[in-house]
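We name chains A, B, ... by the order of the sequence lines, and we start the count at 1 in each one.
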There are 2 protein chains.
Amino acid sequence: MVLSKACTYGIQAAIYVASRNEDAYVSIQSVAEKLNISFHFLTKVLQQLTQAGLMVSYRVPNGGISLGKPASQITLYSVIAAIDGTDIFTECMLGLPGCGTATPCPAHDHWTEMRSKLFSLCHKTTLAELAEKANQLNLRLANLPLV
Amino acid sequence: MVLSKACTYGIQAAIYVASRNEDAYVSIQSVAEKLNISFHFLTKVLQQLTQAGLMVSYRVPNGGISLGKPASQITLYSVIAAIDGTDIFTECMLGLPGCGTATPCPAHDHWTEMRSKLFSLCHKTTLAELAEKANQLNLRLANLPLV
DNA sequence: GTGATTTCGGACTATTTTGTCTGCAATTTA
DNA sequence: TAAATTGCAGACAAAATAGTCCGAAATCAC
Ligand code: FES
Ligand code: FES
């Protein structure tokens, strides 16, 4: 798996929150139910996003979480980086230490090309775009079984 | 991590065997030492490659393993598929079940583009090419600490 | 045949990731 | 002030991955 489960949950939740187009807080509980994710696990994941400033939380009755800045300013990259770190954007394809032009592995050229494509893709993709897509076509976001 | 450790070990070993340009068998023990990989673990990984027909083994004194077919006919894709499976080439970026145009997630379009690039890259890259690169420029292959 | 070398197969342990649970802190509302 | 709701923090359990170990099977060299 390219992204960890924690990371995919975080992205799903972030898109969902962004797609609501409201400033109001939404409880993690309801997000977890909507996306069919374990509430407690999602809580821990979202804490990483709040710590990174991508979300803000309000610990109060009828509180919850909300985006920390406009959805158009939150990139997919920043969400991934906050949860999984930046390893996938810098690591050697073969897992060798110190990927770089100084000591390249045989796959280095090919891999850096792929990686930079992924890098720019994640940088230019914002929550606003993903949320809009999710809304526009009623795109699937939840981890629900396909009936 | 995009590829599992088992998979990176398998690729490293495959490249190493191919880079020797010999038909002679080489013992897993010596490969493990050369690449600084746990011998027992590498053994299990390579068993997957022999079962997939990518390598042949000769269980005999002075035996070992060798490529099952010409290095030019072994693609990076086939090695990855034999060890990690084909999930990374078909899975949803968000880990949702049933990635496809019928039920796309918001990241689907971007992701399928990336995936197909990775797919064609892995398909067109052969062990012959990687081995040649490894030999040509004395490229790093072993998992050794950078001194 | 006997012994040596080598992969194969399975059992086992360790580490990381994933998921669960419980109590606490913060704040609103009554 | 008291009660209720909510995220936070850390301990804990389960599952997946990574790594270790040992005995068996195959074959060669003698
Ligand atoms: S050194 Fe392997 S991808 Fe850069
Ligand atoms: S459904 Fe998510 S990438 Fe295809």
Side-chain angles (χ1 to χ4, degrees), chain A residues 1-14 17 24-33 35-68 80 82-85 87-88 91 94-95 143, chain B residues 1-14 17 24-33 35-68 80 82-85 87-88 91 94-95 143:
Chain A
M1 187 138 45
V2 178
L3 301 175
S4 71
K5 282 216 167 176
C7 195
T8 64
Y9 293 162
I11 297 172
Q12 289 172 33
V17 172
Y25 291 90
V26 57
S27 73
I28 298 179
Q29 179 75 58
S30 71
V31 176
E33 278 170 13
L35 302 182
N36 204 37
I37 301 173
S38 149
F39 164 60
H40 292 288
F41 194 54
L42 183 59
T43 289
K44 294 216 301 197
V45 172
L46 291 182
Q47 276 172 30
Q48 297 183 273
L49 295 186
T50 60
Q51 277 161 16
L54 303 179
M55 296 218 172
V56 290
S57 68
Y58 197 29
R59 208 188 316 185
V60 86
N62 248 299
I65 56 168
S66 185
L67 295 186
I80 294 174
I83 299 175
D84 270 359
D87 279 359
I88 55 167
E91 255 186 352
L94 270 42
N143 207 346
Chain B
M1 188 142 39
V2 178
L3 301 176
S4 70
K5 283 220 168 170
C7 195
T8 62
Y9 293 161
I11 297 172
Q12 289 172 33
V17 172
Y25 291 90
V26 57
S27 74
I28 299 178
Q29 179 75 59
S30 72
V31 175
E33 280 171 12
L35 301 181
N36 204 36
I37 301 173
S38 149
F39 163 62
H40 291 288
F41 193 54
L42 183 59
T43 289
K44 296 219 300 198
V45 173
L46 291 182
Q47 277 173 29
Q48 297 183 269
L49 295 186
T50 61
Q51 278 161 16
L54 303 179
M55 295 219 173
V56 289
S57 68
Y58 198 28
R59 207 190 313 186
V60 85
N62 247 301
I65 55 167
S66 186
L67 294 185
I80 294 174
I83 299 174
D84 270 359
D87 278 0
I88 54 167
E91 254 185 353
L94 270 42
N143 207 345

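Ring geometry, B/Y9 versus B/F41: the interplanar angle exceeds 60°, so the pair is classed perpendicular (tilted spans 30 to 60°).
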*asked:* Strictly under 4.0 angstrom, non-hydrogen atoms only: write out the protein contact profile of nucleotides 21-30 of chain D, one letter per nucleotide from the 5' end, B, S or -.
replied: BB--BBBB--
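OP1 or OP2 of D/dG7 has not a single side-chain nitrogen or oxygen of A/Q51 nearer than 4.0 Å. In this structure, B/S57 does not reach the C/dT6 phosphate: none of its side-chain N or O atoms is under 4.0 Å from OP1 or OP2. Residue B/K5 places at least one side-chain N or O under 4.0 Å from the OP1 or OP2 atom of D/dG19. Look at A/Y9 and you'll find a side-chain N or O under 4.0 angstrom from OP1 or OP2 of C/dG19. Contact check, B/Y25 against C/dT7: no side-chain N or O comes under 4.0 Å of OP1 or OP2. An OP1 or OP2 oxygen of C/dT20 is reached within less than 4.0 angstrom by a side-chain nitrogen or oxygen of A/S38.
The two residues B/S66 and B/V17 come nearest to each other via the heavy atoms CA-CG1, 4.3 Å. Between B/T8 and A/G95, the shortest heavy-atom distance links the atoms CG2-N, 4.2 Å. Minimum heavy-atom separation, A/T50 to A/S57: CG2-CB, 4.3 Å. Nearest heavy-atom pair, A/A6 versus A/V45, reported as atom, atom and distance to 0.1 Å: O-CG1, 3.4 Å. Across every non-hydrogen atom of A/D84 and A/S4, the tightest pair is OD1-OG, 2.5 Å. Residues A/A82 and A/L54 come closest through the heavy atom pair CB-CD1, 4.1 Å.
Regarding B/I83, its CD1 atom lies at a distance of 13 Å from the P atom of D/dG19, rounded to whole Å. As a whole-Å value, the separation of A/L3 CG from C/dT18 C1' is 15 Å. Nucleotide D/dG10 holds its C1' atom 14 Å from the CD atom of A/Q48, rounded to whole Å. As a whole-Å value, the separation of B/F39 CZ from C/dT5 P is 13 Å. Here the P atom of nucleotide C/dT16 and the CE atom of A/M1 are 18 Å apart, to the nearest Å. Here the C1' atom of nucleotide C/dC8 and the CE atom of B/M55 are 16 Å apart, to the nearest Å. Rounded to whole Å, atom P of C/dA14 lies 16 Å from atom CZ of B/F41. Between the CG atom of B/L42 and the C1' atom of D/dT20 there is a distance of 14 Å, given to the nearest Å.
Among the heavy atoms of the strands lying under 4.0 Å from B/I28 are primed sugar atoms or P, OP1, OP2 only; no base atom is included.
Position along DNA chain C of the nearest nucleotide to B/I65 versus A/S4 favours B/I65 as the more 5'-ward residue.
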